[in-house]
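Reviewing the structure listed below.
Worth knowing before you read on, the calculation uses all heavy atoms, side chains too, and leaves out hydrogens, waters and symmetry mates.
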Amino acid sequence: MADNARAKRLADLIREVVAQKLQRGIKDPRLGSHVTITDTRVTGDLREATVFYTVYGDDEERKAAAAGLESAKGILRSEVGRAAGVKFTPTLTFVADALPDTAKTIEDLLDKARQSDAKVREASAGASYAAGADPYRKPADDDTTETDGDAAE
């Protein structure tokens, strides 16, 4: 079992090698400049690597990029093995990163919250407090009621 630091170093190396090879070494038109490697994770035994990627474009371009990465998997793995110099080159699995979709969902939720805040602000623009500006009793108010009560006795 390898330590986590070694797995992290190997993951970083795999990310760099795959990104460079995609940019300069593979001539597949499906893997143009719109594929970005975002993260890489390696299992503790250094046998399997998961490479996360994003594709900027529509669903058709995402499917084409996934097919292109799958067909280039052997070339990329041999390049990783050459650069890493480990006894066993990890198998590569490509997974589309959900980060852009998650970010879009969060932005949509924030927009809804802003719209809701604006509606509340508009509704409360001309409103007044139900019990006056300051509905809480103050110590000065308590003293006057006690003094009034003492005077009545």
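- Taking CD1 of Ile14 as the reference point, atom CG of Leu46 lies at 8.5 Å (rounded to 0.5 Å).
- Taken from CD in Glu107 to CG in Leu110, the straight-line distance is 5.5 Å, to the nearest 0.5 Å.
- Using a 4.5 Å cut-off on side-chain heavy atoms (C-beta onward), Val18 and Phe94 make contact.
- In terms of modelled atom types and a separation under 3.5 Å, the side chain of Thr38 and the main chain of Phe52 share a donor-acceptor contact.
- With values rounded to the nearest 0.5 angstrom, Gln20 atom CD is found 12.5 Å from Ile26 atom CD1.
- Legend: residues meeting side chain to side chain donor-acceptor pair (under 3.5 Å) with Asp12, ordered by chain and number and at least two apart, are Lys8, Arg15.
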Would you list the atom pairs, donor with acceptor, under 3.5 Å between side chains in residues 60-68 and any protein atom, with sequence neighbours excluded?
unit_1	atom_1	unit_2	atom_2	d
Arg62	NH1	Asp59	OD1	2.9
Arg62	NH2	Gly57	O	3.3

Name every donor-acceptor pair, under 3.5 Å, that has one atom in a side chain of residues 73-87 and the other anywhere in the protein, sequence neighbours excluded.
unit_1	atom_1	unit_2	atom_2	d
Lys73	NZ	Glu70	OE2	2.7
Lys73	NZ	Leu92	O	3.4
Arg77	NE	Thr89	O	3.3
Arg77	NE	Pro90	O	3.2
Arg77	NH2	Thr89	O	2.6
Ser78	OG	Gly74	O	3.3
Ser78	OG	Ile75	O	2.8
Glu79	OE1	Arg82	NH1	2.7

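- Between the CG atom in Leu109 and the CZ atom in Arg114 there is a gap of 11.0 Å [rounded to 0.5 Å].
- The distance from atom OG1 of Thr93 to atom CZ of Arg41, rounded to the nearest 0.5 Å, is 13.0 Å.
- In summary, Lys112 and Asp108 do not engage in a salt bridge, as defined by a charged side-chain N under 4.0 Å from a carboxylate O.
- Annotation: the span from Thr54 atom OG1 to Asp39 atom CG amounts to 11.5 Å, rounded to 0.5 Å.
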